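Have a look at the structure below before the remarks.
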There are 2 protein chains.
Amino acid sequence: MTDKKEQILNAALALFAAEGYKAVSTNKIAKKAKVSEGLIFRHFENKQGLLDAILGQAVDRTKVLFAPIIAESDPKKVIERGIRLPFTIDEGEYPFWKLQFKLKWEIEYSGAEKMRPFIEKLAWAFTELGLKEPQKEAEILNHIIESISGGILKDGLESQKPLMGFLLKKYSL
Amino acid sequence: MTDKKEQILNAALALFAAEGYKAVSTNKIAKKAKVSEGLIFRHFENKQGLLDAILGQAVDRTKVLFAPIIAESDPKKVIERGIRLPFTIDEGEYPFWKLQFKLKWEIEYSGAEKMRPFIEKLAWAFTELGLKEPQKEAEILNHIIESISGGILKDGLESQKPLMGFLLKKYSL
DNA sequence: GTCTATACGATGATAGAC
DNA sequence: GTCTATCATCGTATAGAC
């Protein structure tokens with residue numbers, strides 16, 4: 001944590017999440033990390049390498065996030081946990097997830113791939129519950145969850161909170 | 001159309017939508033528009049002014065887009081048109097709307113304001129149809145429509161098309 | 001591992017001629 | 001209205017000393 005390499009990573013994540021990848025200069029990162037600018041290039045070769053280092057965690061962090069849902073064997077609980085998911089993210093992790101949403105539009109960077117296991121699990125749950133078109137139910141619910149997540153990341157938890165209880169009722173949980 | 005100012009506007013819109021505001025240089029815009037770089041600053045003062053000129057249309061274009069829905073007096077038709085909306089956007093307008101989505105994350109730029117009349121109309125429709133929590137129903141449907149729109153803009157119409165018929169059924173239309 | 005100094009192309013923007 | 005030439009600054013990246 002007091003390691004300079006860590007400081008660079010933390011500063012870069014915070015700045016990229018707040019202002020975007022292109023908008024942030026290595027100079028700015030160095031200043032925020034209280035480190036010389038050259039050190040960034042020693043550790044990460046170039047600016048892209050710095051972004052890659054941050055993004056390298058994304059696959060793992062997404063897996064961790066979805067793990068309890070994937071492991072769940074009760075279909076109703078799968079839906080419930082899915083709906084609750086965006087509301088249970090630790091605020092300290094907001095910058096990281098905000099960066100994922102930003103990059104989805106700033107560069108091509110496919111976040112869709114990482115959602116697949118989650119969507120499939122939702123589809124499985126809807127199948128178990130006897131819904132007619134489980135795959136499409138799953139995709140719609142995923143759309144809702146993704147859009148709500150975006151809303152939380154952009155406008156704060158409070159802006160979306162009323163929707164959680166409503167959704168749980170709507171999916172009769 | 002053959003007007004140089006128009007050429008700049010068109011080139012800038014296409015490039016901003018494809019690569020983002022920060023990522024595109026005035027030099028690149030000038031080359032695409034087949035115009036001298038200096039002319040951009042004669043017409044728009046600075047790069048931000050060029051973006052503002054493009055964004056100036058956003059409020060009006062959004063109004064035009066929602067106008068038929070706002071004017072609709074049959075609540076069922078309101079829901080139906082809302083669901084169909086993202087699927088009926090002219091492909092030639094994709095760059096413009098893609099830019100709106102991009103900027104929502106690249107700069108603060110509130111697109112939320114412009115959606116309000118639409119959400120309120122949905123809420124009115126759900127009220128007419130006797131739903132328990134029309135306001136929340138409206139916000140959820142808006143989330144779905146927004147996320148689907150994003151999907152179309154990012155991955156193409158085909159990626160989302162199967163969901164339209166399903167949604168119409170789900171809302172029993 | 002870390003810092004200072006610096007190369008050098010790109011970028012937003014201006015001045016002046018036509 | 002439009003172009004060419006030009007500028008100051010910023011941005012990424014490297015070299016070399018400690």
Side-chain angles (χ1 to χ4, degrees), chain A residues 1-58 95-96 98-100 102-103 105-109, chain B residues 1-58 95-96 98-100 102-103 105-109:
Chain A
M1 264 277 238
T2 161
D3 184 36
K4 301 243 174 184
K5 193 171 173 179
E6 275 299 304
Q7 284 173 30
I8 294 170
L9 248 0
N10 293 151
L13 172 57
L15 288 169
F16 287 162
E19 302 171 31
Y21 172 69
K22 265 273 173 185
V24 173
S25 68
T26 50
N27 178 290
K28 198 165 185 173
I29 296 166
K31 273 182 182 133
K32 174 145 186 145
K34 278 163 191 156
V35 149
S36 74
E37 199 175 348
L39 193 59
I40 294 175
F41 296 92
R42 287 272 156 209
H43 280 307
F44 302 99
E45 188 156 272
N46 54 32
K47 194 186 169 188
Q48 179 68 45
L50 178 53
L51 179 63
D52 291 342
I54 292 169
L55 257 27
Q57 318 168 40
F96 179 79
K98 193 169 181 180
L99 180 58
Q100 309 300 311
K102 266 200 150 81
L103 291 177
W105 290 101
E106 188 172 346
I107 60 183
E108 11 70 10
Y109 184 57
Chain B
M1 263 275 239
T2 162
D3 183 35
K4 302 244 173 183
K5 192 170 172 180
E6 274 301 303
Q7 285 174 29
I8 294 171
L9 248 2
N10 292 150
L13 171 57
L15 288 170
F16 287 161
E19 302 170 33
Y21 172 70
K22 263 272 174 188
V24 173
S25 68
T26 50
N27 179 290
K28 198 166 185 173
I29 295 167
K31 272 180 182 136
K32 174 146 186 142
K34 278 163 191 156
V35 148
S36 75
E37 197 178 348
L39 193 59
I40 294 175
F41 295 92
R42 287 273 155 207
H43 281 307
F44 302 99
E45 188 156 87
N46 54 32
K47 195 186 169 188
Q48 179 68 46
L50 179 53
L51 180 63
D52 291 342
I54 293 169
L55 256 28
Q57 315 169 42
F96 178 80
K98 193 169 180 180
L99 180 58
Q100 309 301 311
K102 266 202 151 81
L103 291 177
W105 290 100
E106 187 171 345
I107 60 182
E108 13 69 10
Y109 184 56

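Keep in mind it's a predicted model, so treat the numbers as computed, not measured. Quick note on labels: first sequence line is chain A, next is B, and so on, each numbered from 1.
Rounded to a whole Å, the CD1 atom of B/Ile8 is 8 Å from the P atom of D/dC3. As rounded to whole Å, 16 Å separates atom P of D/dA15 from atom CG of A/Leu39. The distance from atom CD1 of A/Ile29 to atom C1' of D/dT12 is 11 Å, rounded to the nearest whole Å. Remark: P of D/dC3 and NZ of B/Lys34 are 13 Å apart, rounded to the nearest angstrom.
Summarising the geometry of B/Gln100 relative to B/Ala58, their closest heavy-atom pair is OE1-CB, 3.6 Å, with the distance given to 0.1 Å.
Qualifying side chain to side chain donor-acceptor pair (under 3.5 Å) partners for B/Lys32, counting only residues two or more places apart in sequence or in other chains: none. Legend: residues meeting side chain to side chain donor-acceptor pair (under 3.5 Å) with B/Glu106, ordered by chain and number and at least two apart, are absent. For B/Lys5, there are no side chain to side chain donor-acceptor pair (under 3.5 Å) partners two or more places apart in sequence or in a different chain.
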For residues 13-26 of chain B, run the donor-acceptor check on the side chains, cut-off 3.5 Å, and write out each pair with its distance to 0.1 Å, sequence neighbours left out.
unit_1: B/Glu19; atom_1: OE1; unit_2: B/Lys28; atom_2: NZ; d: 2.9
unit_1: B/Glu19; atom_1: OE2; unit_2: B/Lys28; atom_2: NZ; d: 3.3
unit_1: B/Tyr21; atom_1: OH; unit_2: B/Gln48; atom_2: N; d: 3.2
unit_1: B/Ser25; atom_1: OG; unit_2: B/Lys28; atom_2: N; d: 3.1
unit_1: B/Thr26; atom_1: OG1; unit_2: B/Glu37; atom_2: OE2; d: 2.7

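Each ring pair (Phe, Tyr, Trp, His ring centres under 6.0 Å) pair with one or both residues in residues 37-58 of chain B, not counting sequence neighbours, would appear here, but there are none.
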* To do: Let me have a per-nucleotide readout for nucleotides 7-18 of chain C, 5' to 3', with B, S or -, counting only protein heavy atoms under 4.0 Å.
  => ----SBBBBB--

